[in-house]
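Structure record follows, encoded as structure tokens.
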Amino acid sequence: MRFSEAFIPTLKEAPSDATSISHKLMVRAGMIRQTAAGVYSYLPYGYNVIQKMKAIVREEMNRAGGQEFLLPALQPTDIWERTGRLEAYGQDVFRFDDRHGHEMLLGPTHEEVITSIVASDIRSWADLPKLFYQIQTKFRDEARPRFGVLRTREFTMKDLYSFDADEAGLDKSYQKMFEAYCRIFERVGVAYEPLATAETGAIGGSASHEFIVLADSGEDHLVKCPKCGFSALLGETVCVAPATEPNRAECELKIVSTPGMTRVEQVAGFLKTKPHRLIKTMILEKGDGGLLAALIRGDHELNMSKLMGSVDDWGLKLASAERIAEATGGPVGFSGPIGLSGITVLADLTLKGETSMVVGANKEDAHYVGCEVGRDFTPDSFCDLRKAVEGDLCPKCSETLKLEMGIEVGHIFKLGTRYSEKLGATFSDASGKENPVIMGCYGLGIERTVAAVIEQSHDERGIILPKSLAPYQAIILPMQAPEGELVQLGEKCYNLLKQAGVDVLLDDRNVWPGVKFADADLIGVPTQIVLGKRGLKEGRIEIVDRRTKEKTFLPIDVTADSLRDAVAG
RNA sequence: CGGGGCGUAGCGCAGUCCGGUAGCGCACCGGUUUUGGGAACCGGGGGUCGGCGGUUCAAGUCCGCCCGCCCCGACCA
């Protein structure tokens, strides 16, 4: 392609509302333009990168034995009612009635559709296992789209669904996908972490892994051990606080007035103490309607999934003001463990043996100071209830953990029989008995992965595309225009490379060298072929690696082979 | 959904407080020179100032309603 004929509208400045690096660079590089909040148009250069990404994913899915489908984005609402997921997705689903008044939706995902097909057309154990996938547009009316292409309302996702006859088969399918994902992320050159997770959100199921790409603009928090390499999602980390002596000072329990102080910082400031000397008492409503209290140090955050796990109740939610009053006799913001009766009280491990703590007094505008855990109240049990914080220790090797942020680019789940049961996807086993098919689902965000690559692979001049995603392997930059020896040489290199089957961009524009360099750097073509007077005089042409800026030289009488090899580098 | 901010040329912004001929930089078009890091000079085009309504002799500017976009939070892949 000739730059003069291509449509790569580069920008010197990024739109002011772009915040993440990938957003700024993708707009500046002429890859994307925004059409609405969380809705982007892909320009040819950007779309080409997306297509490369899809091709890699497709290859790896096929290698693992996947078969590709095309499924409708437009789906009838009733199959969603059968699985009960309309509730779970709630406001995130784009819904409307068609002209006949039938309720339709734009699919946020495709489990229902694919499982319906399997339900009607897979009948025997001999039909299993199967790996079915599709790479398609999904729609989710996100509460808050952000970070450019990282979180959008319309996006391309690869989803593969596995169908197995037994658990062992599911394990095998899961393992195949796990390996395929590793290959994919390696091929696009990102540093990633597969992290185990217990949370399965709206999809529901047992085991799962999130594939996270480390990046500052990520929305996922994780911890990483600089020593042994341990890493885990923040919410999944077993918390190990550094071994400090608890405060054993003698203290006297006293009630003090704290007018209007409901927030930890307010109370701490008012009483001239530190948040970690406070105990937060959170009242929760159980799935069966009962109440429960969870105690957390003031500077910590409650980890809902740990708490849910501790009490084996996945229907827990924060209690309403009315229920709090019912449990404690006081208003929201002044709850405390002292005198609480009739409900289970769980305390985080860090509170064990602490003295001189501040707790709510279960009445308006009052707190206790000088509270000693075990003397003034005794929780029913101590367990790990909090989210990890900077400074916590690695549960494997006790090194101090680092907090990092990352982008979730893939998520794989063992689903079990949840959907197959509801949608009647069963098969006859060898003994003739009907069993629900055992499922797994494996998602991967296409645009998000591309954005994540850019988040990781850029410099102050622009994007650095890996060869695997680059629409053009090389860009030829004749330092002269519109005519002359260098232009002739550029044409020659261009034709030779095309002959050699290399995707190449020739910057034939009549612009200043600085513009050519700047655009070449910005759009991230992996190899630059610089044709200048200097080189011409010395009888050589210059090959520059976009990433390393390293220069190599070729004799000026290039051939298709020598050029191709230099570009393949 | 709560809190905050913004909307003026393709992009980045000034002008709004205090009403009086709509500006700047980059980009764009024509010309001259020029080609190893976003060039210089000359000439030029481009705006329902987000929309609707109101106040006024006069509204980008004041008032009201609406729309859009961004940020923080809640929520979520």
Side-chain angles (χ1 to χ4, degrees), chain A residues 9-20 23-24 27-28 30 33-39 88-93 108-111 138-148 150-153 155-159 197 199-204 208-213 217-220 233 235 304 317-318 406-413 441-449 452 460-462 477-487 490 507 509-522 528-538 541-542 544 549 551:
Chain A
T10 58
L11 262 30
K12 220 186 261 190
E13 288 173 286
S16 60
D17 52 21
T19 50
S20 69
H23 186 190
K24 287 180 188 162
V27 172
R28 286 192 52 212
R33 291 292 184 263
Q34 185 173 33
T35 297
V39 180
Y89 273 98
Q91 294 274 95
D92 281 4
V93 183
T109 174
H110 287 82
E111 278 89 2
K138 316 259 171 167
F139 299 87
R140 297 187 193 171
D141 195 359
E142 279 294 328
R144 183 133 109 81
R146 61 182 131 180
F147 300 136
L150 278 171
R151 180 167 218 85
T152 55
R153 298 194 293 170
F155 58 99
T156 314
M157 187 153 120
K158 184 283 302 175
D159 250 332
T197 165
E199 279 188 84
T200 49
I203 296 180
S208 92
H209 281 85
E210 285 190 17
F211 284 79
I212 304 278
V213 169
S217 60
E219 298 175 277
D220 283 27
L233 289 167
M304 270 302 252
K317 58 179 190 206
L318 287 174
I407 300 162
E408 179 187 350
V409 288
H411 203 159
I412 61 179
F413 298 87
C441 80
Y442 314 86
L444 190 151
I446 299 292
E447 294 92 345
R448 185 182 272 193
T449 302
E460 66 290 345
R461 297 177 183 279
L477 305 172
M479 293 295 105
Q480 189 184 41
E483 53 196 18
E485 277 177 288
L486 293 175
V487 173
D507 196 344
R509 295 174 300 172
N510 182 13
V511 294
W512 279 68
V515 176
K516 293 187 179 182
F517 283 124
D519 278 344
D521 288 341
L522 178 60
Q528 300 172 355
I529 299 173
V530 182
L531 308 176
K533 269 196 199 137
R534 267 195 326 241
L536 193 63
K537 212 177 290 170
E538 294 162 13
I541 65 178
E542 193 177 310
V544 184
K549 287 280 152 197
K551 292 178 185 178

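Chain identifiers are assigned alphabetically (A, B, ...) following the order of the sequence lines, protein sequences preceding nucleic acid strands; residue numbering begins at 1 within each chain.
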Residue list, side chain to side chain contact (heavy atoms under 4.5 Å, CB included) with A:P108, at least two apart or on another chain: A:W80, A:Y89, A:V93, A:L105, A:R140
Atom-pair distance ([atom1] on [X]; [atom2] on [N]), nearest Å:
{"X": "A:R146", "N": "B:rC70", "atom1": "CZ", "atom2": "P", "result": "11 Å"}
{"X": "A:H110", "N": "B:rA77", "atom1": "NE2", "atom2": "P", "result": "17 Å"}
{"X": "A:E142", "N": "B:rA74", "atom1": "CD", "atom2": "C1'", "result": "13 Å"}
{"X": "A:E408", "N": "B:rA77", "atom1": "CD", "atom2": "P", "result": "8 Å"}
{"X": "A:L150", "N": "B:rC70", "atom1": "CG", "atom2": "P", "result": "14 Å"}
{"X": "A:D92", "N": "B:rA74", "atom1": "CG", "atom2": "P", "result": "16 Å"}
{"X": "A:M157", "N": "B:rA77", "atom1": "CE", "atom2": "P", "result": "10 Å"}
{"X": "A:D17", "N": "B:rG12", "atom1": "CG", "atom2": "P", "result": "7 Å"}

Nucleotide forming a Watson-Crick or wobble pair with [N], both distances under 3.5 Å:
{"N": "B:rG10", "result": "B:rC26"}
{"N": "B:rU55", "result": "none"}
{"N": "B:rC41", "result": "B:rG31"}
{"N": "B:rU61", "result": "none"}
{"N": "B:rC18", "result": "none"}
{"N": "B:rG2", "result": "B:rC72"}

Which nucleotide in B:rC71, B:rC13, B:rC69 has an atom nearest any side-chain atom of A:T19: B:rC71
Taking the side chain of A:P15 as its heavy atoms from C-beta onward, which of B:rC11, B:rA77, B:rC75 lies nearest to it? B:rC11
Check whether the side chain of A:E13 and the base of B:rA27 form a donor-acceptor pair under 3.5 Å. no
With a 3.5 Å cut-off and sequence neighbours excluded, list the donor-acceptor pairs that the side chains of residues 528-537 of chain A form with protein atoms.
unit_1	atom_1	unit_2	atom_2	d
A:Q528	NE2	A:D521	OD1	2.7

Protein proximity profile, nucleotides 35-44 of chain B - base contact B, sugar-phosphate-only contact S, no contact -, cut-off 4.0 Å on heavy atoms: BBBBB-----
Holding to ring pair (Phe, Tyr, Trp, His ring centres under 6.0 Å), I want the full list of residues that pass it with A:H23, two or more places apart in sequence or in another chain. A:Y40
If the condition is ring pair (Phe, Tyr, Trp, His ring centres under 6.0 Å), which residues does A:F155 pass it with, not counting sequence neighbours? none
Take A:T152 and A:T35, find for each the nucleotide of RNA chain B with the closest heavy atom, and name the residue whose nucleotide sits nearer the 5' end. A:T35
Using the closest heavy atom to pick a nucleotide of RNA chain B for each, name whichever of A:A14 or A:A37 lands nearer the 5' end. A:A14
When rounded to the nearest Å, what value does the distance between [atom1] atoms of [N] and [M] take?
{"N": "B:rG20", "M": "B:rC62", "atom1": "P", "value": "11 Å"}
{"N": "B:rG43", "M": "B:rG19", "atom1": "P", "value": "36 Å"}
{"N": "B:rC66", "M": "B:rC29", "atom1": "C1'", "value": "38 Å"}
{"N": "B:rG51", "M": "B:rA22", "atom1": "P", "value": "16 Å"}
{"N": "B:rC49", "M": "B:rC13", "atom1": "C1'", "value": "14 Å"}
{"N": "B:rA27", "M": "B:rG73", "atom1": "C1'", "value": "38 Å"}
{"N": "B:rU61", "M": "B:rC70", "atom1": "C1'", "value": "24 Å"}
{"N": "B:rC24", "M": "B:rG44", "atom1": "P", "value": "13 Å"}

May I ask you to evaluate whether [X] reaches the phosphate of [N], defined as a side-chain N or O under 4.0 Å from OP1 or OP2?
{"X": "A:R144", "N": "B:rC71", "result": "yes"}
{"X": "A:Q34", "N": "B:rG68", "result": "no"}
{"X": "A:S16", "N": "B:rC6", "result": "no"}

Identify whether any heavy atom of A:A18 sits under 4.0 Å from a base atom; if not, whether one sits that close to sugar-phosphate; answer base, sugar-phosphate or nothing. nothing
Between the CG atom in A:D519 and the CG atom in A:L477, the distance rounded to the nearest 0.5 Å is 9.5 Å
For A:K24, which residues count as a salt bridge (Lys or Arg N to Asp or Glu O under 4.0 Å) partner, sequence neighbours excluded? none
Do the side chain of [X] and the main chain of [Y] share a donor and acceptor less than 3.5 angstrom apart?
{"X": "A:R153", "Y": "A:F139", "result": "no"}
{"X": "A:R448", "Y": "A:E408", "result": "yes"}
{"X": "A:K158", "Y": "A:I446", "result": "no"}

CD/A:E485: more than 12 non-hydrogen atoms of other groups inside 6.0 Å: no
